Colleague: 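First, the structure itself, so that you have it in front of you.
All heavy atoms count here, side chains included; hydrogens, waters and symmetry mates do not. Protein chains get the first letters and strands the later ones, always in sequence-line order, with residue 1 at the start of each. Every value quoted in this text rests on a predicted model; they were computed, and no experiment measured them.
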Protein chains: 2
Amino acid sequence: MSAIAAALGVSAATVSNALSGKGRVSPELIEKVRSKASELGYVPSLTARALRTGRTGVLGLVLPDIANPLFPQIAQAIENAASNAGYGVLIADSRGDIAAQTEAIGRLLERGVDGMVIVPRRGTRIADVGCPVAVIDTPSTPGNTVAADHWEGGAQMGRHLAALGHAKVLLIGTSVSSNVQNDRIGGLKAGLGARVECDTMWIERVEAVSGEGCPLGLAEKAAAGFTAFAAVSDLSALRALTELQRAGIGVPEMVSVTGFDDLIWSAVVTPALTTVRMDMAVIADLAIAALIRVIESEGEEEEAAGKVTSEIDRVPMQLIVRQSTGAPHADGVPNLHARTPNKPTAGELKP
Amino acid sequence: MSAIAAALGVSAATVSNALSGKGRVSPELIEKVRSKASELGYVPSLTARALRTGRTGVLGLVLPDIANPLFPQIAQAIENAASNAGYGVLIADSRGDIAAQTEAIGRLLERGVDGMVIVPRRGTRIADVGCPVAVIDTPSTPGNTVAADHWEGGAQMGRHLAALGHAKVLLIGTSVSSNVQNDRIGGLKAGLGARVECDTMWIERVEAVSGEGCPLGLAEKAAAGFTAFAAVSDLSALRALTELQRAGIGVPEMVSVTGFDDLIWSAVVTPALTTVRMDMAVIADLAIAALIRVIESEGEEEEAAGKVTSEIDRVPMQLIVRQSTGAPHADGVPNLHARTPNKPTAGELKP
DNA sequence: TATTCGTGCTTAAACGTTTAATCAGAGCAT
DNA sequence: ATGCTCTGATTAAACGTTTAAGCACGAATA
């Protein structure tokens, strides 16, 4: 309460000026106010400040589905970046539903967020909402701010597999409508090059006919000559890995399996998954920085209200080679070289 | 702006009363105000309301580590419960650090949350903070509000394994200092009964000597006669499952593997994991309900400021039997009965 | 000496609600 | 007619900041 600090014999306005360093206050008075404030345990009311200034210091984080295993990485990075910048993070889950997404955005708006970070539902474009917005998706989505370079990540993985000598690889995606997954698959194909034969399996489609959690029939694919299974998400990669292992097909000495995103289990599974990781910390920093830039400059430039449209930042992805990839077997002869113990590779994070 | 609504020729106070149904306003005027409000697209300023009433309508969610794979379930359930009750959720990550935990709590307080849900760091007790608090941990932590009955969940799993005929099982935990894990292990032992031999392995300890992500040596354990591996988390279970499969030990026809928490991959892995799940929706509802009860009653009863200390709710856990458990092999004869296709069990959720 | 200027502070309004207190008028009993 | 109560509305204060405008005073300038 600046009223209490006014027990110094000065006015509340002076206290406010002293603490914020805005107006004209003598240095010695500033010092006295400072010490008195901490003596009294003064903590400013962000609510009142928000009412006066119109800025709450809170950002919204809109997620397509909190249950998504990638979410912890995103949320942690965003929370960290925001809190470093002095902002709080209000979460909103659109639970996969597109109506819920707009409704969640509305609720955040009512709460007076200064801006929001949106990870859009697959295939959704974010219309103009009433506040600065940063979208995290994929560079191929138009009008976005920041994203990992999924295409290039796929290309890295493709080149890795091609270099190992794989000539027939199965690409495994989940949802045809996901921009991110399509980018990754496009990159994979490009990285593999024209000479390697590849086929794409969409889990969503096989589950539509065989039921959820059904076997993907990968043993048959292996028998048909596929030597590498490049999933577009670590969850699918895990599914492939266990299904192959269960069928007695050794990974990586018979076939290779790769994933995407370096999810929590990738490093602890046997064999540890070769995957591609995005640097969420960097992405979050960029998104938050862009958001804050717009927020702070609002008022000075009236025209640029709304979307953060200026630039598309694409953050490179990082290939992490672990134990699940190796050279393809030559006529059933297992690649024993790959039977190394499961020790961590350089450049990987702790699980 | 109620000022704009005052263009009806009435005062702002009357508009406020009309919309909230508090004071004495004639029914027809209420109707007129309502229609005018929606006509003008009026949206009340929660900030101003917060300043006046001292309640922000925001709850804090303090998590030990957002990167924890269980976090999505928790966050989603809490967010859902809170938003149904009309509250927003501000997240705070203590990143495993105990100092960061108190600091995060402090930041939430400054932001004026009405209450907070805390999932404490392992082994931490939450001291009295300046607002209503609901703690989600384990019933054996004193002074808590709501938790899954981890002990009983362990007991269910123990009984399941005992009923299948396992006589020597290895219990796998991560961290010795976790109350939750200790409860689960206690329950497992009790459920297995005195006649089955069991040993406990703490991953934290073996990693301390062999490095992170090292093999756990489970093949040797199997050779030593262990026929079931009961992990206290699905992540450890997955680690065990893949390590055993890789070593050529069939699950479940040679040994059984079980987990805890029904994490995202449990259902899609082959063989799908038998696990125990907590009903996060119920837990979240209870926590939020308790919190809100205290918040709303504050002011009426002055004495009960602070902790929600009244009751400890323990929510039952649910055993989900899938394909990773079966009868122990008799002298190396695989239990072929268990080689069923990977189809979902009744009572399980979609992945 | 009178004017301007800069400094250090105060006054007052404003942000958009809620709510206690007040008030004008109507109906009704005395 | 006078007093009472009940109803439907108004007034005004308050929540805790920020900030534009103003003011008094001493120093520098004309």
Colleague: Which parts of nucleotides 9-14 of chain D does protein reach within less than 4.0 Å, heavy atoms only, written one letter per nucleotide 5' to 3' as B for base, S for sugar-phosphate only and - for none?
Modeller: BBBBBB
Colleague: Send over the distance from A:E28 CD to C:dG8 P, rounded to a whole Å.
Modeller: 8 Å
Colleague: Round to the nearest Å and state the distance from A:K32 atom NZ to C:dC9 atom C1'.
Modeller: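 It is 13 Å, rounded to the nearest whole Å.
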Colleague: Nearest whole angstrom, please: distance from the C1' of D:dG16 to the OH of A:Y42.
Modeller: 8 Å
Colleague: Do B:T138 and B:N179 get their side chains close enough for a donor-acceptor pair, meaning under 3.5 Å?
Modeller: no
Colleague: A:R55 has an atom CZ; how far is it from atom C1' of D:dG16, in whole Å?
Modeller: 18 Å
Colleague: Say you draw a straight line from CD1 of A:I264 to CG of A:L70; how long is it, rounded to the nearest 0.5 Å?
Modeller: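 The CD1 atom of A:I264 sits 12.0 Å away from the CG atom of A:L70.
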Colleague: Can you work out whether A:K22 or B:L51 has the more 5'-proximal nearest nucleotide on DNA chain D?
Modeller: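 Per heavy-atom nearest nucleotide, the more 5' residue is B:L51.
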Colleague: Would you say the side chains of B:T14 and B:S11 form a donor-acceptor pair under 3.5 Å?
Modeller: yes
Colleague: Begin with the C-alpha distance, continue with both residues' side-chain angles, and end with the deciding distance and a verdict on salt bridge (charged side-chain N to carboxylate O under 4.0 Å, His left out) for A:R107 and A:E103.
Modeller: CA-CA 6 Å; A:R107 271 207 312 269; A:E103 201 236 315; 2.8 Å; yes
Colleague: Which distance, rounded to the nearest 0.5 Å, do you find between the CG of B:L108 and the CD1 of B:I91?
Modeller: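 With rounding to 0.5 Å, CG (B:L108) is 10.0 Å from CD1 (B:I91).
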Colleague: Quick test of your reading of the model: are B:R55 and B:E296 salt-bridged, counting only N-O distances below 4.0 Å?
Modeller: yes
